[in-house]
Amino acid sequence: MNIKVTNPYLKLSEEFYNLETTQPLKNAYLIDLNLELSEEIGLNSLSDSDFLKLTNGEFLLDGAKPFASVYAGHQFGHFVPQLGDGRAINIGTIDGWHLQLKGSGITKYSRDGDGRAVLRSSIREYLVSEAMHGLGIDTTRAISIVGSKHRVYRGEWESGAVVLRASKSWIRVGTFEYFYHKGMYKELAKLIEYTILESYSHLSNREDKIALFFQELVAKSAMLVASWQAVGFNHGVLNTDNFSIAGLSIDYGPFAFFDDYNRNYICNYTDRGGRYSFKNQPNIFKWNLSALALTLSKFVDISILKEIIEEFDTIYLDRYLDLISKKLGLEHREKDDYSLIEELLSLMETLEIDYTLFFRTLSYYNKDQEPLLKLALYHNPLKDWLNRYSKRLELNSRDTKSDMLQINPKYVLKNYMLQDAIDLAQRGDFSLVKDLLKIAKNPYIEHEKLDRYSKSTPQEYKNRKLSCSS
Ligand code: AMP
Ligand code: MG
């Protein structure tokens, strides 16, 4: 098992991290292994039993020096000066992939927490990060998951689990905030340097690299949230400590993919005010980027940073309209498309239409309105819209069905599906975890055995809320 890892983050000074010891779960077993990713990272020489030990923190790869990193963060708008990896332990870097165990015991930054993650939230994270990747959305990844008989208390006794995660960056806006708000500007400068080398290395020789890095992150973030809005994904806890400095979807908690379309949807039960509601996500992205801008203002004129943030709206809207136009199979954009899209979205809301199923069904549309009308509570308003849409399609020079099938997924991992997999897993059956991983990785193709999950969500499970507790 001669796999060597490095620890680039530890080249930063000790203010950035704390060395830790992983604390394996009792009676752990391997639930699943993401073979493709483990191969991509170069871990394929490990056996299943090696993966079990690696994921459970029972053995370390050659050269690993486990550590937890410190960060701060605005949680629901309130600044918390010190957070950090309270239940994540970093276990080395291979080829730019930073490996991290989530749920492997307490660290210096655990505060009152137990450093653990439970089976249900670990299954959710394991599957959704691969689902995002399968949908073509930038995200942190998951390599493997172990379960255990280790008891963890979350209002009731549950079992502990660990996910081995991998990402090209684990740095958050909150990492910058930690040093800025402590007045540790020398360390902040080092962090900026490190971040640019890690995630924006093409800028490293540029004189104005800090402003350019920020500008790229603003653009990447605007594109990222546009893809969330287009696929119908609600993150749920967009605190600045859950906001990637590399433009990745990160830290999945009470997330949801839409059942029926509802722009006011709030997947997070504890988010009473709707700060992180579906429709507010682009605003919150901008808010988080402003929090980052403040930390960079030590190094770049604030007026320049403000100008860069102002680019966000245009990039976001342009990307969003581009994606929705593609979902509608429109070859190019026309002036009236905005109102065509707006009208459709309002209809989907009032007619309680399943978001994913509608676009997938629309991909097969050939003037027969029946399959689409069947998805709506009332038919007439949708008929009118489809007539308008049919006219609009005449401006296309070719059939766009095959393009539509590549942007309108047949499957997204709705919460009721994840709950099915969790219920089975809690009885010791992991088959659905494995099956859902298959559709997560390839959401645009048919999976006959799982066809039931391409239908609209059973009424009693629609648009439920989830708690943060994980
Ligand atoms: P999250 O809501 O998962 O993004 O977590 C917010 C902060 O709380 C992070 O600093 C986490 O590391 C920490 N945290 C969450 N759950 C636990 C836990 N069970 N034990 C220790 N720290 C935790
Ligand atoms: Mg977090």
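Every number for a ligand or one of its atoms is a count from 1 in the order of the listing. These numbers come from the heavy atoms of this one structure, side chains and all, not from hydrogens, waters or symmetry mates.
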On the ring face of [Y], is [X] found with NZ or CZ under 6.0 Å from the centre and within 45° of the axis?
X      : Y      : result
Arg263 : Phe278 : no
Lys327 : Phe359 : yes
Arg275 : Trp287 : yes
Lys65  : Tyr9   : no
Arg272 : Tyr269 : yes

When you compare ligand 1 with [X], is there at least one nitrogen or oxygen pair between them that comes in under 3.5 angstrom?
X      : answer
Asp114 : yes
Arg87  : yes
Leu83  : no
Val237 : no

Would you indicate which of Lys102, Arg111, Arg172 comes nearest to atom 13 (C) of ligand 1 when only heavy atoms are counted?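 Going through Lys102, Arg111, Arg172 one by one, Arg111 has the nearest heavy atom to atom 13 (C) of ligand 1.
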Of Ala88, Gly103, Gly253, Gly86, the one whose closest heavy atom lies nearest atom 21 (C) of ligand 1 is Gly86
Proximal atoms of ligand 1 relative to [X] (non-hydrogen, under 4.0 Å):
X      : result
Arg116 : 19 (N)
Gly84  : 9 (C), 10 (O), 11 (C), 12 (O)
Asn242 : 4 (O)
Asp251 : 4 (O)
Gly115 : 18 (C), 19 (N), 20 (N), 21 (C)

Looking at Asp138, is its backbone amide N or carbonyl O close enough to the side chain of Ser249 to form a donor-acceptor pair, meaning the two atoms are under 3.5 Å apart?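 Checked: pair present.
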Spell out, as yes or no, whether a donor-acceptor pair under 3.5 Å connects the side chain of Ser201 to the backbone of Glu198. no
Which one holds for [X] and ligand 1: side chain close, backbone close, both close, or neither close, with close meaning a heavy atom under 4.0 Å?
X      : value
Tyr109 : neither
Gln75  : side chain
Arg154 : side chain

When you check the gap from the basic side-chain N to the acidic O, do Asp85 and Lys102 get nearer than 4.0 Å? no
Can you spot which of Lys438, Arg141, Lys441 makes a salt bridge (charged side-chain N to carboxylate O under 4.0 Å, His left out) with Glu36?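 Among Lys438, Arg141, Lys441, the one that satisfies the salt bridge (charged side-chain N to carboxylate O under 4.0 Å, His left out) with Glu36 is Lys441.
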So, is Asn239 placed with an N/O/S atom under 2.8 Å from the Mg ion (ligand 2), counting both backbone and side chain? no
Taking just the N, O or S atoms of Asp251, which one is nearest to the Mg ion (ligand 2)? OD2
Could you grab the distance from atom OG of Ser144 to atom CZ of Phe51, nearest 0.5 Å is fine?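 That separation rounds to 6.0 Å.
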